[in-house]
Amino acid sequence: MKYDYLIVGSGLYGAVFAHEATKKGKQVLVIDKRPNIAGNIFTEKIEGINVHKYGAHIFHTNNKEVWEYITQFAEFNRFTNSPVANYKGELYSLPFNMYTFNKMWGVVTPEEAAEKIAEQRKEITGEPKNLEEQAISLVGRDIYEKLIKGYTEKQWGRDCKELPSFIIKRLPVRLTFDNNYFNALYQGIPIGGYTKMVENMLDGIEVRLNTNYLENKAELDSLADKVVYTGPIDAYFNFSLGTLEYRSVRFENELLDIPNFQGNAAVNYTDRETPWTRIIEHKWFEFGKDTDGNDLPKTVISREFSSEWKPGDEPYYPVNDEKNSALYMEYKKLAEQEKNVIFGGRLGEYKYYDMDAVIAAALERAEAEIL
Ligand code: UDP
């Protein structure tokens with residue numbers, strides 16, 4: 001049987017594209033090298049808790065079209081991300097807001113906080129050249145030292161002076177008492193878990209798991225007219241121009257026989273010494289309840305360790321510094337010559353995409369592609 005599209009990877013990009021193509025009457029085959037669908041948004045139920053196996057995913061968007069699209073496949077709860085930072089036992093609210101400034105400096109009014117920040121940002125003159133300068137110019141040196149530097153250097157394995165400033169622009173700064181991490185109109189976690197949501201997107205579509213595309217490329221290519229490839233772009237070209245760098249994440253999961261470990265879904269450890277970047281307590285994404293609304297007696301936590309990607313690891317974050325961005329542009333030129341292959345998603349486009357942006361990109365591509 002001949003398919004119109006072979007979709008490599010059943011993560012969000014692949015699932016959106018597959019759904020759209022099928023809706024337009026195309027024959028689609030989705031493959032994934034893992035034993036499960038959903039890529040890095042995969043969730044697995046343990047003791048009634050949906051555990052985010054490849055890291056916490058909190059859906060948020062300002063894009064109404066994307067929100068209406070994704071809520072076809074799942075109902076979302078009202079979870080709002082309000083992480084807590086733990087700096088050597090001192091707790092601070094994130095993102096940076098009046099609660100944070102009060103704890104850091106004892107300031108009470110927005111005016112006092114603004115003054116403090118203005119005073120501290122004076123050390124940066126001119127356009128910030130890197131993440132360190134960007135951070136200090138946003139919130140001043142005290143917050144940079146206690147809440148940004150250690151976390152960022154652990155997360156990226158690089159000095160803040162060597163990192164691009166856009167990474168930190170993800171974090172809002174507010175002179176209000178507002179702990180909502182995201183400036184988003186719509187936010188939540190799909191009730192029943194992300195895996196169920198992706199299952200609904202792939203409803204009626206043929207999926208082959210445990211299928212490695214690059215190892216069986218010729219054979220798999222012969223099954224379809226076109227390929228949608230969502231794996232790492234450098235691996236597709238057999239690393240012929242060199243390897244792109246990625247950050248990988250490792251999780252140490254623990255099931256604890258207590259109802260409440262840290263009282264919040266995410267606690268970031270922002271000092272340099274603690275080896276993990278954050279601890280996720282998954283039950284709080286769903287308010288500690290099972291599907292019937294009962295309190296869950298146990299809890300699952302995941303300590304998150306960041307490391308440089310090496311072959312055999314899962315790539316998570318592209319490192320969009322100058323060197324890697326330049327190499328990616330070279331790979332992109334090669335990709336443009338592959339007329340029957342669409343490269344998409346975080347790994348296919350080497351881009352630090354959020355989920356909503358991935359959905360928007362896949363929808364746009366499917367719209368342009370499929371008549
Ligand atoms: N960040 C930080 N301190 C924190 C949380 C985040 O300095 O407590 C910085 C860090 O550089 C990180 C970036 O903000 O890479 C984005 O963090 P976010 O949690 O949004 O990224 P995610 O890993 O969830 O995609």
Side-chain angles (χ1 to χ4, degrees), residues 12 39-41 52 54-61 79-88 90-97 99-100 103-104 128 130-173 179-184 187 189 245-251 262 264-272 274 276-280 282 285 302-309 314-321 345-347 351-358:
L12 208 41
N40 280 5
I41 62 176
H52 297 213
Y54 297 90
H57 283 80
I58 300 146
F59 192 86
H60 57 97
T61 191
F79 180 80
T80 299
N81 190 25
S82 301
V84 169
N86 181 327
Y87 178 78
K88 303 186 179 183
E90 291 169 29
L91 299 184
Y92 292 92
S93 293
L94 291 175
F96 311 124
N97 72 85
Y99 289 111
T100 329
K103 180 88 188 253
M104 185 70 68
N130 52 47
L131 195 150
E132 174 170 305
E133 293 189 7
Q134 179 70 58
I136 296 173
S137 103
L138 274 177
V139 283
R141 181 163 285 274
D142 290 342
I143 288 182
Y144 170 67
E145 297 281 351
K146 285 191 169 179
L147 303 183
I148 298 175
K149 190 173 193 297
Y151 186 92
T152 302
E153 295 191 349
K154 283 191 287 191
Q155 160 100 4
W156 296 97
R158 286 160 178 76
D159 197 282
C160 285
K161 291 192 190 71
E162 256 111 66
L163 285 165
S165 50
F166 81 85
I167 291 175
I168 204 74
K169 287 189 188 151
R170 288 168 63 83
L171 285 177
V173 178
N179 287 333
N180 182 353
Y181 196 69
F182 299 116
N183 278 319
Q187 179 170 187
I189 304 278
E245 293 172 299
Y246 299 88
R247 293 297 289 172
S248 190
V249 188
R250 182 174 61 79
F251 299 96
Q262 63 184 16
N264 204 32
V267 176
N268 294 358
Y269 285 77
T270 57
D271 67 293
R272 191 73 191 77
T274 305
W276 52 86
T277 50
R278 53 188 165 194
I279 301 181
I280 301 300
H282 301 267
F285 288 126
S302 302
R303 288 189 174 77
E304 187 170 328
F305 299 82
S306 185
S307 63
E308 198 64 22
W309 175 85
E314 292 292 346
Y316 281 79
Y317 296 89
V319 180
N320 291 105
D321 60 8
R346 240 190 211 211
L347 303 174
K351 194 166 167 186
Y352 189 179
Y353 266 134
D354 283 337
M355 287 183 281
D356 62 330
V358 165

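Because the structure is a prediction, the values reported are computed rather than measured. Indexing begins at 1, ligand by ligand and atom by atom, following the structure's order.
Contacts between Leu163 and ligand 1, counted as non-hydrogen atom pairs separated by less than 4.0 Å, are absent for every part of the residue. Only the side chain of Arg278 comes within 4.0 Å of ligand 1, judged by heavy-atom distances.
Residue contact check: Ile167 has heavy atoms under 4.0 Å from atoms 11 (O), 13 (C), 15 (O) of ligand 1. If you number the atoms of ligand 1 from 1 as listed, the ones under 4.0 Å from a heavy atom of Ile148 come out as 7 (O).
Pro172 and Asn183 make their closest contact through CB-ND2, 3.5 Å (heavy atoms, listed as atom of the first residue, atom of the second, distance).
Taking atom 21 (O) of ligand 1 as the reference point, the nearest protein heavy-atom neighbour is Tyr352 OH, 2.9 Å. Nearest to atom 23 (O) of ligand 1 among the protein's heavy atoms is Tyr317 OH, 2.6 Å.
At least one N or O atom of Thr152, backbone or side chain, sits closer than 3.5 Å to an N or O atom of ligand 1. By the 3.5 Å distance cut-off applied to N or O atoms, Thr270 is not counted among the residues near ligand 1.
If you check the side chains of Gln187 and Asn180, you find a donor sitting under 3.5 Å from an acceptor.
Ile167 contributes atom CD1, which lies 8.5 Å from atom CG of Asp321 (distance to the nearest 0.5 angstrom).
Between Arg158 and Glu153 no salt bridge is recorded (no basic side-chain N to carboxylate O distance below 4.0 Å).
Between Trp276 and Phe305, the ring-plane angle classifies as perpendicular under the 30° and 60° cut-offs.
For Lys149, the closest heavy-atom approach to ligand 1 does not fall below 4.0 Å.
For Gln262 (side chain) and Ile279 (main-chain N/O), a donor-acceptor pair under 3.5 Å exists by modelled atom type.
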